[in-house]
Each structure stands twice: as structure tokens, then as C-alpha cells.
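Right, one structure below, let's go through it.
Because the structure is a prediction, the values reported are computed rather than measured.
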2 protein chains.
Amino acid sequence: MAGRQKQYDEQQALDRAIDVFWEKGYEHASSRDLQAAMGIGKGSFYLAFKDGKQELFLKSMERFFVLHPRPLLDALRTSAAPLDIIRQYYYALADAQGPFHRFGCYYANTLTQTEDECLKTAARHYIRQVADAFTLALLRAPNAAASLARLAPELWPVYFTTLWTGLNATRLLEHDPARLRQLIDFQLRLFE
Amino acid sequence: MAGRQKQYDEQQALDRAIDVFWEKGYEHASSRDLQAAMGIGKGSFYLAFKDGKQELFLKSMERFFVLHPRPLLDALRTSAAPLDIIRQYYYALADAQGPFHRFGCYYANTLTQTEDECLKTAARHYIRQVADAFTLALLRAPNAAASLARLAPELWPVYFTTLWTGLNATRLLEHDPARLRQLIDFQLRLFE
DNA sequence: AACATAGTGTAGCGCATGCTACAAAATAAA
DNA sequence: TTTATTTTGTAGCATGCGCTACACTATGTT
């Protein structure tokens with residue numbers, strides 16, 4: 001392996017790109033915006049990401065999953081009270097001020113903001129991961145039987161997803177976080 | 001009133017603009033796209049809509065409301081079974097194939113796809129109109145008391161909105177309309 | 001007929017976009 | 001030291017964007 005060595009940390013640069021993509025959305029984040037935030041120039045940018053912005057965004061979605069949903073999913077796997085963890089996650093989305101999800105859901109935004117089928121497919125994948133994990137966690141909860149009697153389990157993922165993506169839009173309408181939290185509490189009562 | 005007379009029908013042109021905006025979204029509908037669909041040139045376009053694309057879209061949102069939500073709201077005001085009407089409206093959004101809402105919700109799309117505060121404020125306004133009308137209609141329904149006991153009425157608009165905007169995104173994930181209809185049925189059981 | 005007014009068609013400006021081309025610089029292997 | 005390889009910085013292309021400028025045409029008023 002010969003050649004000059006990179007003057008930037010790839011992962012750090014990816015994290016900075018996430019900041020820009022999250023705030024502005026895929027389409028509105030220009031390659032120049034991204035390069036500035038990542039602290040690199042065009043040359044390095046198109047060397048590291050040969051397919052440009054799209055490739056960077058795909059990698060940023062993977063990285064985002066490691067940073068945010070994965071720790072949650074890991075916690076869910078071992079928790080005795082998964083519902084409380086899930087509730088806090090929904091709260092974070094409803095709470096526009098919070099440090100997480102200040103700009104909404106990274107993946108749901110992608111789903112509604114771009115027409116790129118490749119990116120939408122990836123976003124779908126990550127959202128499904130979370131919804132399926134929620135379903136599995138609550139199926140293992142002590143009071144699962146009661147919940148099952150109310151709603152068939154194959155509808156649980158679509159139930160979570162609709163609530164999640166709904167909140168992602170409704171938070172732009174209803175600015176009172178308390179009311180959104182009340183709605184979340186009501187919807188999650190299904191699993192109590 | 002002197003001067004040459006218009007060679008196109010303003011309302012027809014507006015309807016064509018809606019087609020383009022609905023399919024492509026505000027940002028992705030270029031002024032040239034719109035002019036072509038409306039059958040007019042730059043000159044007529046910027047004479048009729050001095051503030052350009054933004055003004056056209058604002059007017060298209062008003063026109064859209066007259067075309068689609070208003071008839072629904074009128075029907076709700078007099079119906080003895082408002083829940084059935086509401087259910088069909090949700091079905092139409094879930095059913096990606098249907099003639100209406102083939103490209104999702106005109107207003108919810110605006111809310112998540114653009115950063116223009118002026119347009120978002122207008123979109124919020126129209127969505128609220130519908131959610132409030134749903135609430136009023138169901139409060140007048142014969143079995144309103146039972147529904148009230150389950151969920152406080154001030155949460156009804158946010159309940160409708162979250163389901164609506166949620167479906168608007170979930171339809172991009174879950175392509176089986178039957179499953180979405182099952183979810184709608186379950187959510188609307190609150191008002192039975 | 002003369003004039004003012006409203007609508008139409010065309011040329012093109014200034015800007016931002018994603019991306020390529022390519023020379024210069026740095027590093028490891030020979 | 002030479003060579004091959006990798007990274008970096010800069011110049012700039014082609015395209016599409018929203019929009020303006022302006023001459024031209026059609027119409028109503030005087």
C-alpha cells in the first residue's frame with residue numbers, strides 16, 4: 001500500500017454529513033454544503049464516494065443506524081419493560097426540542113422527501129428493522145397475550161410505523177409536545 | 001377594461017398545475033413543467049402569478065381544497081353516518097391505486113417536502129380544517145359519548161392528523177392496501 | 001384612427017447544482 | 001533515488017433553475 005495518507009477521519013466526516021443531511025434533507029443538502037461540513041474538498045469527496053452524494057447518503061443511513069436505532073434495539077432485547085423504552089423513543093420524536101430527532105426521523109424524512117428509489121428502499125429497510133424489533137420486544141412482554149387479543153400481531157409493525165411517521169409530520173402541525181405525548185400514551189395503551 | 005383577452009381558462013390551468021404539483025411535489029415541479037402542463041408561456045405565467053411558483057402553489061392549495069376536501073366536509077355536515085364517510089376517505093389514501101390521493105396527501109406532502117414557512121403555514125391550515133371537521137362530525141354522532149369516554153375530544157384532531165399523515169408515509173412502506181385498511185378499521189374503532 | 005391597456009412569445013441573465021479533469025503533493029515500495 | 005500509488009486542491013463544464021426584459025399582438029375606449 002503506497003500513496004498519500006488521508007488528512008481526515010472517515011467516520012468523523014460521515015458524522016458531520018449526517019448533521020447536514022438530517023437538518024436539510026437529502027435534496028437540499030448540496031455537495032458543497034456537505035464538503036464544507038466534512039472539512040474536505042471536491043477531490044477527496046469524489047475519491048471517497050465515487051457515486052457522489054447518493055453513495056454518501058447511503059453510507060450515512062447505515063452509520064445513523066449504528067448511532068441511534070441500534071443501541072435502542074440492543075436495549076430492547078434484554079429489557080424487562082420494553083414498552084417504557086419504546087415510549088421514550090416516541091417522546092423524543094414528538095419533543096421537537098430534544099437533542100435526538102430535532103429534525104424528525106432520518107429515514108421517514110427520506111421516504112417522503114426524495115424520489116430516488118434506491119434511497120427509499122434503503123430507508124424502508126431501516127424503518128422495518130425498528131418496527132419489527134418493537135414488535136418482537138412487545139411479543140415477549142409479560143402482558144403480550146392481552147395485546148394480541150386486541151390487535152393481530154401482523155399489524156403491529158404497520159401500527160408502529162404509522163404512529164411513528166405520523167408523529168414525524170404531526171409535530172410540524174401541533175407544537176405542543178404535551179399533547180403529542182398524550183397521544184403517544186393513548187396509542188401505546190394497546191400494549192399495556 | 002381594455003386589453004387583449006386571455007387565451008386560456010385560469011381555472012383549468014390551475015387544475016393542470018395541481019396535477020403537476022401533486023405528482024412531483026412543490027420543489028420538483030419546475031416552473032417550466034408547470035407552464036407546459038398549463039399550456040401557457042413564461043409571459044402569461046408571470047403576469048398571472050406575479051410571485052411566480054409560490055403564488056401559484058398557494059392558489060393551487062386553495063383550489064385543491066374546493067375540489068377534494070370541501071365536498072367531503074359538506075357531506076359530513078349532513079350525514080347520519082359520518083364515520084363511514086371518514087373511513088372511505090382514509091381508505092382512499094391507503095389505496096395507492098385509487099384515483100384520489102394517488103400521490104399522497106397534497107397538504108401533508110407540502111408539510112414534509114418544503115422548507116418554505118409560508119407554504120407550510122397554509123398546508124397546516126387546510127389540514128386543520130379537515131381534522132376539525134372530522135372531530136365536529138363525530139362529536140355529533142349518536143355514539144359520541146362512548147368515544148369521549150375513551151379519548152378526550154381535544155385529542156381528536158391530533159389523533160386524526162397523525163393517522164392521516166402516518167398513512168401518507170406508511171403507504172410508501174407497506175404496499176398491501178388490505179393491511180392498511182385493517183389498520184384504519186382498528187384505529188377508527190375508537191369512534192364506534 | 002389614435003391611444004391605452006392587457007396578454008403572449010422569446011431571448012437570456014445570474015446563480016446553484018452535481019460532477020469531471022487534472023496537475024500538484026505526499027507517501028510507500030523498488 | 002526513482003517509481004508507483006494515493007490524496008488533495010483548483011478550475012471549470014454542462015445543466016437546470018426561477019425569473020426579468022421587452023418587443024409584439026390583440027382588444028376596449030376615446
Identify all pairs in which a protein N or O lies below 3.5 Å from an N or O of nucleotides 23-27 of chain C, and state each distance.
| unit_1 | atom_1 | unit_2 | atom_2 | d |
| --- | --- | --- | --- | --- |
| C:dA25 | N3 | A:R4 | NH1 | 3.3 |
| C:dT27 | O2 | A:G3 | N | 3.2 |

Pairs under 3.5 Å (N/O, protein and nucleotides 12-18 of chain D):
| unit_1 | atom_1 | unit_2 | atom_2 | d |
| --- | --- | --- | --- | --- |
| D:dG12 | O6 | A:K42 | NZ | 2.8 |
| D:dG18 | OP1 | B:S31 | N | 3.4 |
| D:dG18 | OP1 | B:K53 | NZ | 3.0 |
| D:dG18 | OP2 | B:S31 | N | 2.8 |
| D:dG18 | OP2 | B:S31 | OG | 2.9 |
| D:dG18 | N7 | B:R32 | NH1 | 3.0 |
| D:dG18 | O6 | B:R32 | NH2 | 3.2 |

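Rounded to an integer number of Å, the gap from CG of A:L56 to P of C:dC19 is 10 Å. Going from atom CZ of A:F45 over to atom P of D:dT6 covers 21 Å, rounded to whole Å. The nearest whole Å value for the distance from the NZ atom in B:K6 to the C1' atom in D:dT25 is 16 Å. Counting to the nearest Å, the P atom of D:dC24 and the CG atom of B:L47 are 19 Å from each other. Regarding B:D51, its CG atom lies at a distance of 8 Å from the P atom of D:dC19, rounded to whole Å. In this entry the distance linking CE of B:M38 with P of C:dG7 reads 14 Å, nearest Å. For the pair A:E55 CD and C:dC19 C1', the interatomic distance rounds to 14 Å; values are reported in whole Å. Distance CD (A:Q35) to C1' (D:dT10): 12 Å, rounded to an integer number of Å.
By the 6.0 Å contact criterion, CZ on B:R16 is open, its count of non-hydrogen atoms from other residues, nucleotides or ligands being 12 or less.
Residues passing the salt bridge (charged side-chain N to carboxylate O under 4.0 Å, His left out) test with A:R128: none are found, sequence neighbours excluded. Take B:R63 and apply the salt bridge (charged side-chain N to carboxylate O under 4.0 Å, His left out) test, not counting sequence neighbours, and it matches B:D15. By the ring pair (Phe, Tyr, Trp, His ring centres under 6.0 Å) test, A:F65 pairs with A:Y126, sequence neighbours left out. The salt bridge (charged side-chain N to carboxylate O under 4.0 Å, His left out) check on B:R77 picks up B:D74, with sequence neighbours excluded. Partners of B:R181 under the salt bridge (charged side-chain N to carboxylate O under 4.0 Å, His left out) rule, at least two apart in sequence or in another chain, are B:D95.
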For a quick test of your reading: what N or O donor-acceptor pairs under 3.5 Å do the side chains of residues 98-106 of chain A make, sequence neighbours left out?
| unit_1 | atom_1 | unit_2 | atom_2 | d |
| --- | --- | --- | --- | --- |
| A:Y106 | OH | A:S60 | OG | 2.7 |

Anything under 3.5 Å between a donor and an acceptor, one on a side chain of residues 3-13 of chain A, the other on a protein residue two or more places apart or in another chain? List them.
| unit_1 | atom_1 | unit_2 | atom_2 | d |
| --- | --- | --- | --- | --- |
| A:D9 | OD2 | A:Q11 | N | 3.3 |
| A:D9 | OD2 | A:Q12 | N | 2.8 |

Could you list the donor-acceptor pairs under 3.5 angstrom formed between side-chain atoms of residues 33-45 of chain B and any protein atom two or more places apart in sequence or on another chain?
| unit_1 | atom_1 | unit_2 | atom_2 | d |
| --- | --- | --- | --- | --- |
| B:D33 | OD2 | B:K24 | NZ | 3.2 |
| B:D33 | OD2 | B:S30 | N | 3.3 |
| B:D33 | OD2 | B:S30 | OG | 3.3 |
| B:Q35 | NE2 | B:S31 | O | 3.3 |

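Looking at B:D185 and B:Y91, their side chains do bring a donor and an acceptor atom within 3.5 Å of each other.
Judged as a side-chain hydrogen bond (donor to acceptor under 3.5 Å, both in side chains), the pairs with a partner in residues 45-54 of chain A (not counting sequence neighbours) are, in order, A:Q54-A:D116.
Side-chain N/O atoms of A:S44 include none lying less than 4.0 angstrom from OP1 or OP2 on D:dT7.
Within residues 111-121 of chain A, no residue places a heavy atom under 4.0 Å from DNA chain C.
Within 4.0 Å of B:Y8, counting heavy atoms only, lie sugar-phosphate atoms of the nucleic acid but no base atom.
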